[in-house]
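Values below: every heavy atom of this structure, side chains too, minus hydrogens, waters and symmetry copies.
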Amino acid sequence: MAAKVINVDGADHTLDAAPDMPLLYALRDDLGLNNPKFGCGVAQCGACMVLIGGVPTFSCVTPLADVSGPITTIAGIGEPGALHPIQQAYIDEATPQCGYCISGWMLRAVALLKEIPRPTDNDIREAFAGLKCRCGTHMAIMRAVKRAAGLAP
């Protein structure tokens, strides 16, 4: 075990954990966060997604020792009364159904809009490649990203 300081959603936390422990376990078990979620455990679904230094990262396969930079969860991209545009767009489009996979979709959208403020349909599809949504809300997600980018009403 080793002490590791991580910054999550703007707050520093000191963890006494094995360096090879997946970041997801630290976030959920040690810090008690209810997002991100455990999905597949092999970096294929996106339920465990966080941003590390602004980069979408699968926390289920990222060892704690490899974390260098601030971690942002979907709870850290906005706040009540000051939602991130993608959060508001998800609400406006009634996008989430079960919401289990929302970390991957929403955080990839945040990173995409930072890199490409006015993405094309192809840009959006490429950004979301590999993410899974069993509820089938893919078209609503596309509309939400376009709305957040100011490309849709």
Legend entry - Nonpolar side-chain network containing M21, other nodes, edges under 4.5 Å: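 Other cluster members: I6, V8, L15, L23, L24, Y25, L27, L31, L33, F38, V50, I52, L64, V67, I71.
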Inset, instruction - Could you note down all residue pairs passing side-chain hydrogen bond (donor to acceptor under 3.5 Å, both in side chains) where residues 35-47 supplies at least one of them, sequence neighbours left out? - result: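 Every pair satisfying side-chain hydrogen bond (donor to acceptor under 3.5 Å, both in side chains) with a residue in residues 35-47: N35-T73.
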Inset, instruction - Determine which pairs satisfy salt bridge (charged side-chain N to carboxylate O under 4.0 Å, His left out) with at least one residue from residues 9-19, sequence neighbours left out, and list them in order. - result: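 Qualifying pairs: none.
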Inset, instruction - Would you list the pairs meeting salt bridge (charged side-chain N to carboxylate O under 4.0 Å, His left out) in which at least one residue belongs to residues 100-129, sequence neighbours left out? - result: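 Sorted result for residues 100-129: D121-K146.
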Name all residues meeting the side chain to side chain contact (heavy atoms under 4.5 Å, CB included) criterion together with [X]; count only those two or more places apart in sequence or in a different chain, and write none if there are none.
{"X": "P96", "result": "Y90, I102"}
{"X": "A149", "result": "L113, P119, L151"}
{"X": "T14", "result": "A3, V5"}
{"X": "E79", "result": "A82"}

Contacts of [X] that satisfy salt bridge (charged side-chain N to carboxylate O under 4.0 Å, His left out) - sequence neighbours left out:
{"X": "R143", "result": "E93"}
{"X": "D30", "result": "none"}
{"X": "D29", "result": "none"}

Inset, instruction - Check ring pair (Phe, Tyr, Trp, His ring centres under 6.0 Å) between F128 and all other residues, then give those that pass, not counting sequence neighbours. - result: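 Here the qualifying residues are W105.
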